[in-house]
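FYI, the numbering just counts along the sequence from 1.
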Amino acid sequence: MTTFEIEPGRLFIGGRWREAADGARTEVVDPSRGTVLTTAADAGAADVDAAVRAARDAFDDGAWSGLSGRERGRILHRVAELIRENADRIAELESRDVGKPITLTHAVDVTNAANDYEHFAALAHCLDGAVRDTPMNALAYVRRRPIGVVAAITPYNFPLILAGSKIAPALAAGNTVVHKPAEETPLSALYMAELFKKAGVPDGVVNVVTGGPAAGEALLRHSGVDKVAFTGSTTVGRKVSAIAGEALKPVTMELGGNAAHVVFEDADLEKAVGAVIKGFVFNTGQFCMGGPRLLVARQVHSTLLGILADAVPGIPVGDPREAGTVVGPMAGERHLRKVEEYVELARKEGGTIVCGGERLDLDGGYYYRPTVIADLPNDSRVIQEEIFGPVLTVQPFDSEDEAVELANSTPYGLASGVQTGNLARAHRVAERLDAGIVWINDWAMLDPAVPFGGVKDSGFGREYGPEALDAYTTTKSVVVSLD
């Protein structure tokens, strides 16, 4: 296992490192040990103001926005190359910071982050406008332009990937960025600041301010911010939308999820079980597009529940730096307590704990055994609310209509999944599910070319794909009379 020291984090503003104006710092905890890993600067209003001003100056001077899409794309390609060249360092930072298995951070986080910048580097070339003839004897041309200064606010569960899903399209479109990562997990954001500079991104184009809710609110309320991109809980998302709405700032909201995974009687159960397990233990269940609600056709309900009862206890849980680990710790003590509270509520409501249902005492870390729960009513809070941990509830259904009704019965609509051998049914059910993305016969198939995002309480706007660029550009139409 590679070992190295992690330097205390500072703010990255205008291409330079600096301490918070008042010298405040906050602890960054290693969730696999429960010990302090390092400290990071705790930005105040003055620091946020400096970051926004740096981003505004960089936008206004045209050093980035004035480049051609091809030139911006070349630099973003270099960012992707640097991510790959520094994969080992980034993967270990992400593993230590979040607690996710090192194999996962290598295969998923680092790879997808590099792919993000590579994908949007290519799309930077495609920001052409259009020329349109009109029936009013006029010729119109439409230009797509960057919005300005983007506030990117990201959560603790996928710091590297979710930062890239915002920063990459924002930069491709010619915007400048102030990034506020989650207070608990700032390390990859700070490391990426160095890579942006090394890749040739001009000073002030990407700024990183670390800190808690106060820093986030100062950023949201700053008059110099033109657009907000947020990923986080629905509860916080409502507050973010309200604050941004006061100044009519456009927002992109990727919020909570509570996805249903529907298994029909004609599914390949061996493949389905693999997808189901991946869906609820991936990143220790701290995945807004995870599949914590399993809906199973009654004909195969008992069989599938028995397979899960045998398989889930054998999932390797442990030190995220060990190559064989599949499930690491929760990202923090408060997240672990939340999972415990939901499982205890399931017991009180008469749910059957098929397996798991308890902490795992290991090295002082925040571990919870993967848990499967049956026999809960659909109106249980354990089913209706987002647990955000390695917990799976299992419910039977008797018809396709009932499966769809159960799947759509929560306030969320971010992702969903269908397991079936019937192609017509797969497309029919996918069309009826309230979700921004639906996976057929697998789970978490994500690629920068494919947009994702929520409906209902899971938010609005899309990330990934060419659709993402719509959130970071405005259009200007010029109409020329031909008379």
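Using modelled atom types, one finds no donor on one side chain facing an acceptor on the other under 3.5 Å when comparing Thr111 with Arg84. Side-chain polar atoms of Asp30 and Ser32 form a donor-acceptor pair below 3.5 angstrom. In this model, no donor atom of one side chain and acceptor atom of the other lie less than 3.5 Å apart for Glu81 and Tyr117. Judged by distance alone, the side chains of Lys227 and Thr252 do bring a donor and an acceptor atom under 3.5 Å apart. A donor-acceptor contact closer than 3.5 angstrom is absent between the side chains of Asn441 and Thr420. Thr410 and Gln384 are not linked by any side-chain donor-acceptor pair at a separation below 3.5 angstrom, with hydrogens and angles left out of the test. For the residue pair His106/Asp88, the side-chain donor-acceptor check at 3.5 Å is satisfied. Thr475 and Arg144 share no side-chain donor-acceptor pair at under 3.5 Å.
With contacts defined as side-chain heavy-atom distances shorter than 4.5 Å, the pair Asp442/Lys278 qualifies. For the pair Arg347/Ile373, no side-chain contact is recorded, criterion being any heavy-atom separation below 4.5 Å from C-beta on. Looking only at side-chain heavy atoms (C-beta outward), Glu92 and Ile102 come within less than 4.5 Å of each other. Considering only heavy atoms from C-beta on, Val394 comes within 4.5 Å of Val296 through its side chain. Taking 4.5 Å as the limit, every side-chain heavy atom of Glu463 sits out of range of all side-chain heavy atoms of Pro451. Side-chain contact between Val343 and Val391: present, with at least one pair of heavy atoms (C-beta onward) separated by less than 4.5 Å. Using a 4.5 Å heavy-atom threshold, the side chains of Val29 and Tyr366 count as touching. Contact check for Glu118 versus Asn115: side-chain heavy atoms found under the 4.5 Å cut-off.
Asp447 places a side-chain N or O within donor-acceptor distance of the main-chain N or O of Ala449, the cut-off being under 3.5 Å. A donor-acceptor pair is defined here as one N or O able to donate and one able to accept, closer than 3.5 Å; no such pair exists between the side chain of Thr185 and the backbone of Val98. In this structure a side-chain-to-backbone donor-acceptor pair under 3.5 Å is present from Asn175 to Gly148. A donor-acceptor distance shorter than 3.5 angstrom exists from the side chain of Thr473 to the backbone of Leu469, with no hydrogens or angles considered. The main-chain N or O of Arg89 is never found under 3.5 Å from a side-chain atom of Asn86 such that the two would form a donor-acceptor pair. Here the side chain of Arg145 pairs no donor or acceptor atom with the backbone of Thr474 at under 3.5 angstrom. Judged purely by atom type and a 3.5 angstrom limit, Lys180 has no side-chain atom pairing as donor or acceptor with the backbone of Ala215. Distance alone, capped at 3.5 Å, is enough to place a donor-acceptor pair between the Trp443 side chain and the Met289 backbone.
Thr371 and Gly357 make their closest contact through OG1-N, 2.7 Å (heavy atoms, listed as atom of the first residue, atom of the second, distance). When all heavy atoms are compared, the tightest approach of Ala80 to Ala114 is CB-O, 3.4 Å.
Atom-to-atom distance recorded for Thr154:OG1 and His179:NE2 is 3.0 Å, nearest 0.5 angstrom. How far CD of Glu333 is from CD of Glu184: 13.0 Å, rounded to the nearest 0.5 Å. In this structure, CD1 on Ile437 lies 8.0 Å from CE on Met445, to the nearest 0.5 angstrom. The distance from atom CG of Asn378 to atom CG of Leu295, rounded to the nearest 0.5 Å, is 8.0 Å. To the nearest 0.5 Å, the span separating OH on Tyr342 from CD1 on Ile387 amounts to 6.5 Å. Note: Leu308 CG to Thr303 OG1 = 11.0 Å, rounded to the nearest 0.5 Å.
The pair Arg293-Glu385 fails the salt-bridge criterion, with no side-chain N (NZ, NE, NH1 or NH2) lying under 4.0 Å from an Asp/Glu carboxylate O. With respect to Glu341 and Lys338, no salt bridge is recorded, no charged nitrogen being found less than 4.0 Å from a carboxylate O. Contact check on Asp457 versus Arg238 returns a salt bridge, with a Lys/Arg side-chain nitrogen under 4.0 Å from an Asp/Glu carboxylate oxygen.
Pairs passing the salt bridge (charged side-chain N to carboxylate O under 4.0 Å, His left out) check and including a residue from residues 239-259, sequence neighbours excluded, read Arg221-Glu246.
Stacking of Lys100 on the aromatic ring of Phe158 is recorded, both the 6.0 Å distance cut-off and the 45° axial limit being met. Figure legend: cation-pi geometry between Lys456 and Tyr412 absent, as NZ or CZ is not positioned both under 6.0 Å from the six-membered ring centre and within 45° of its axis. Taking the centre and axis of the six-membered ring of Tyr367, the NZ or CZ atom of Arg359 falls outside the cone set by 45° and 6.0 Å.
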### Task
Would you check, one step at a time, whether the test side-chain hydrogen bond (donor to acceptor under 3.5 Å, both in side chains) holds for His261 with Gln419?
CA-CA 8 Å; His261 201 161; Gln419 301 285 332; 3.0 Å; yes
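In this structure, Phe196 has its ring center at least 6.0 angstrom away from the ring center of Tyr191. Ring centroid separation for the pair Tyr464 and Phe120 does not come in under the 6.0 Å cut-off.
No more than 12 heavy atoms of other residues, nucleotides or ligands sit less than 6.0 Å from atom CD of Glu27. For Glu85, the CD atom counts as densely surrounded, since its 6.0 Å shell holds more than 12 non-hydrogen atoms of other residues, nucleotides or ligands. Counting non-hydrogen atoms of neighbouring residues, nucleotides and ligands closer than 6.0 angstrom, the CZ atom of Arg428 exceeds 12 such neighbours. For Arg132, the CZ atom is loosely surrounded, since the number of other residues' heavy atoms within 6.0 Å does not exceed 12.
Taking the six-membered ring where tryptophan is involved, the planes of Phe388 and Tyr156 are perpendicular, since the angle between them exceeds 60° and thus also 30°.
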